[in-house]
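Down below is the structure, laid out as structure tokens.
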Amino acid sequence: MPKIIINNKEIEFENGMTVLQACELAGAEIPRFCYHERLSIAGNCRMCLVEMEKSSKPIASCAMPATDGMNIKTNSVMVEKARKGVMEFLLANHPLDCPVCDQGGECDLQDQSLYYGFDKSRFKENKREVKDKYMGPLIKTIMTRCIHCTRCVRFATEIGGVTEIGAVGRGENMEITTYLEKSMESELSANVIDLCPVGALTSKPYTFEARPWELKKTETIDVMDAVGSNIRVDTYGWEVKRILPRLNNNINEEWISDKTRYACDGLLKQRLDKPYKRENGKLVESSWDEVIKITSSKLQEIDKECIAGHIGDMQSMENIYSFKCLLDSIGVSNFDFREKPFFINPENKINYIFNSSIKGIEDSDCIVLIGANPRHEATMVNARIRKSFVNNKIPILSFGNPGDLTYEYKIIGNSTEDIKKFINKQSPYSDIFLKSKKPIVIIGESALELQSGGYIFEEIKSFLIKNNFINENWNSLNILLQNASSVGAIDLGFHGITKKENFNFFKKLNDNNFKLLYLVGSDNLDFIKNDKFIIYQGSHGDRSAQIADIILPSPAYTEQNGLFINLEGRLQKSNRSSFPPGISKEDWKIFNLLSQQLKNSDLFKNFNELRNNALKNIKDHSDYDLLPNTSISKSKSIPTDYKNENIIIKEIDYYFSNSIARSSKTMSDCRSVRSKNLKQRTGT
């Protein structure tokens, strides 16, 4: 390996590294504003200047390739003087508003000016003023603070895939702006707030809310979709003030979606904080003792075949397992986790997870989408696909039209007949797929919802096995589930799927066979109430609570500990960062109260016992934060039917996809802006 001398210390480095990266290997801290590990090199700010032997002037270490034999000094008099000069230029037009800036306490410019700043300036000219720009409901701009690092421009273009931010003007007239002064049309737009090294781009909903040192910080995971992005929840008292990304290279890198970041204000609105019962057609306040008695008596009176349970989209493994234990204890076998009838084969774990892994997308050389829109169904998966496309120029093929995915793709069919031709090698695109070494097939819920959903899954799986694309080293089969609780529910057997019948629960629901429906955090299940007795257990007064006969208030995901399995089968911990309002009870404690009333015994003595029992029932479990130890042995196929159908990718109401998001004012604003932009584009 080549060697470089940094501060009289010899260091080995890899070819392709810059001087800045080599300096970091040597433990030398290099200040920077424009450089970022995941963005292209710009070399704008010049804060990373270092001294190189035989060079008459300092060099920008972020843009200089490291070469064998270089002699670099990062702490010489020349370097210090150069950095102080750069800082003086940066502060020449920077306003003195640190006391009122939301970036205060987390500002790179503040930190670096402490070491390299002066208490006075040699510039006598008036500071320039720049007009603030409109960037939508999420991003607040104070552009006078901007130091033109262009991180936001490069992020929008390279990561977000929307070329909406750029620089106009030259010299001291240069300004960063959205070209048409409208909201950024990207589900990743708010990441520019984290990237901005000064207070030019800050969070609009978080404006003047709190200082970073006042907040309690809890590391946890997101449940807005099935990706399981790693996040940090910042709370002031019991109130969630903001959500920020945590670094996890295997899942979300250091980005999160706007919904993950900003739906948290929905945790304050429309909360259920006390039990309710329906009297004379109206919901009235009640006590825990009364609602538990009413619920248990209904569960005893009604025939067990006429009772059904349904779990919601943001429920932890502990909630799912304890609910299943309660239903099992009273002999109820009708339950499901799916909000709509889509095909799933639960026999083998590889049948319902993202087997190639999110990080594995970067290794793929061909991607086929079948009835999937990853941009809205799993935003961080889509960002990884774009990264692979940009870096490797791989072909991306799609069955069905998902719309704008921020990267180029080819629609190769719109019907199940086109899929059949592809599998039978009658399509010209079959050769492209078969010649690739590590292809990926991503099957979305829209495809699995078709009458031929089972056929699509089983035949694609057989096709991949025959061509050795499912083996010990690489598994090309991927299911793109949309909800955080889906994989965990399948693992724990919370479904009504049998070898002969995949949609037993939905057939009975549509035939009005159920007299009692127990919904746990379930607000997206589409059904007509008729004469059903509805028990709703959840955190928000959303769709199901409005038609419920009994309401049992329970905490949201930030208010109780829990385990979640993401779409690639990775088990992660969600940690409590806040507390529920009123007299809400944790879900498993509510099930315990019902069990005491029904069976005169507890389901679980404590939370640890519940978690340990749930862990024992997870298929192919390895350890926390690791991929599962799946078996690729051939599982039995479920009998399926084929029908020639059109593949229509169902549109997701992205900003209103769950009860928390629907309660969020910020998500409502984003939805309104998106609708307005769509009307402007289409002229309707």
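FYI, the numbering just counts along the sequence from 1.
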If you measure from [atom1] on [X] to [atom2] on [Y], what distance do you get to the nearest 0.5 Å?
| X | Y | atom1 | atom2 | answer |
| --- | --- | --- | --- | --- |
| Ile396 | Ile411 | CD1 | CD1 | 13.0 Å |
| Ile231 | Ser574 | CD1 | OG | 7.5 Å |
| Ile385 | Met380 | CD1 | CE | 11.5 Å |
| Glu347 | Asn351 | CD | CG | 8.0 Å |
| Lys529 | Ile534 | NZ | CD1 | 6.0 Å |
| Asn566 | Ser486 | CG | OG | 11.5 Å |

Is there a side-chain contact between [X] and [Y], using heavy atoms and a 4.5 Å cut-off?
| X | Y | answer |
| --- | --- | --- |
| Thr379 | Val227 | no |
| Asn414 | Phe399 | no |
| Asn401 | Ile649 | no |
| Ile565 | Asp491 | yes |
| Phe354 | Ile442 | yes |
| Pro137 | Ser183 | yes |
| Asp653 | Arg671 | yes |
| Asp418 | Ile412 | no |

Has the side chain of [X] got a donor or acceptor atom that lies under 3.5 Å from a matching backbone atom of [Y]?
| X | Y | answer |
| --- | --- | --- |
| His310 | Asp523 | no |
| Ser364 | Ile367 | no |
| Thr157 | Arg154 | no |
| Arg246 | Thr220 | yes |
| Asn646 | Ile648 | no |
| Ser622 | Leu627 | yes |
| Ser430 | Ile423 | no |
| Glu377 | Asn373 | yes |
| Asn504 | Glu501 | no |
| Asn355 | Ile353 | yes |

Just wondering, more than 12 heavy atoms not from [X] lying within 6.0 Å of its [atom1]?
| X | atom1 | answer |
| --- | --- | --- |
| Asn644 | CG | yes |
| Lys387 | NZ | yes |
| Gln426 | CD | yes |
| Asp404 | CG | yes |
| Leu247 | CG | yes |

Measure from NZ or CZ of Lys259 to the centre of the six-membered ring of Tyr654 and say whether it is under 6.0 Å with the direction within 45° of the ring axis. yes
Provide the closest heavy-atom pair for [X] versus [Y] in the form atom of the first, atom of the second, distance.
| X | Y | result |
| --- | --- | --- |
| Ile647 | Gly371 | CG2-CA, 3.9 Å |
| Ser663 | Gly266 | CB-O, 3.7 Å |
| Ser452 | Tyr642 | OG-C, 3.7 Å |
| Tyr352 | Leu481 | O-CD1, 3.4 Å |
| Pro395 | Ile432 | CG-CG2, 4.1 Å |
| Ala661 | Tyr655 | CB-O, 3.4 Å |

Inspect the contact between [Y] and [X] and indicate whether a charged nitrogen and a carboxylate oxygen are less than 4.0 angstrom apart.
| X | Y | result |
| --- | --- | --- |
| Lys340 | Asp526 | no |
| Arg570 | Glu568 | yes |
| Lys182 | Glu164 | yes |
| Asp431 | Lys435 | no |
| Asp336 | Lys508 | no |
| Lys573 | Asp625 | no |
| Glu185 | Arg674 | no |
| Glu445 | Arg338 | no |

Test applied, side chain to side chain donor-acceptor pair (under 3.5 Å); reference residue, Arg261; option that passes from Asp194, Asp222, Thr666: Asp194
Please report the C-alpha distance between Gln270 and Asp542 in whole Å, then the side-chain angles of each, then the deciding distance to 0.1 Å, and finally whether the side-chain hydrogen bond (donor to acceptor under 3.5 Å, both in side chains) criterion is met. CA-CA 8 Å; Gln270 294 182 231; Asp542 201 56; 4.8 Å; no
Taking the six-membered ring for Trp, are [X] and [Y] ring centroids under 6.0 Å apart?
| X | Y | value |
| --- | --- | --- |
| Phe422 | Phe433 | yes |
| Phe494 | Phe337 | no |
| Phe514 | Phe505 | yes |
| Tyr518 | Phe323 | yes |

Given side-chain hydrogen bond (donor to acceptor under 3.5 Å, both in side chains), test Asn478 with Ser356 step by step and report yes or no. CA-CA 7 Å; Asn478 299 285; Ser356 302; 3.0 Å; yes
One pair to check against salt bridge (charged side-chain N to carboxylate O under 4.0 Å, His left out): Arg38 and Glu158. What are the steps and the verdict? CA-CA 9 Å; Arg38 300 188 194 277; Glu158 297 165 15; over 6 Å; no
Take Lys420 and Glu459 through the test salt bridge (charged side-chain N to carboxylate O under 4.0 Å, His left out) and record every step on the way to the result. CA-CA 8 Å; Lys420 192 174 184 180; Glu459 291 302 312; over 6 Å; no
Might you work through the side-chain hydrogen bond (donor to acceptor under 3.5 Å, both in side chains) test for Lys269 and Ser664, ending with a clear yes or no? CA-CA 7 Å; Lys269 311 287 193 307; Ser664 165; over 6 Å; no
Is a donor from one side chain sitting under 3.5 angstrom from an acceptor on the other, for Ser672 and Ser675? no
Determine, step by step, whether Gln572 and Asn230 satisfy the side-chain hydrogen bond (donor to acceptor under 3.5 Å, both in side chains) criterion, reporting the C-alpha distance in whole Å, the side-chain angles of both residues, the deciding distance to 0.1 Å, and the verdict. CA-CA 9 Å; Gln572 299 184 102; Asn230 284 217; 2.9 Å; yes
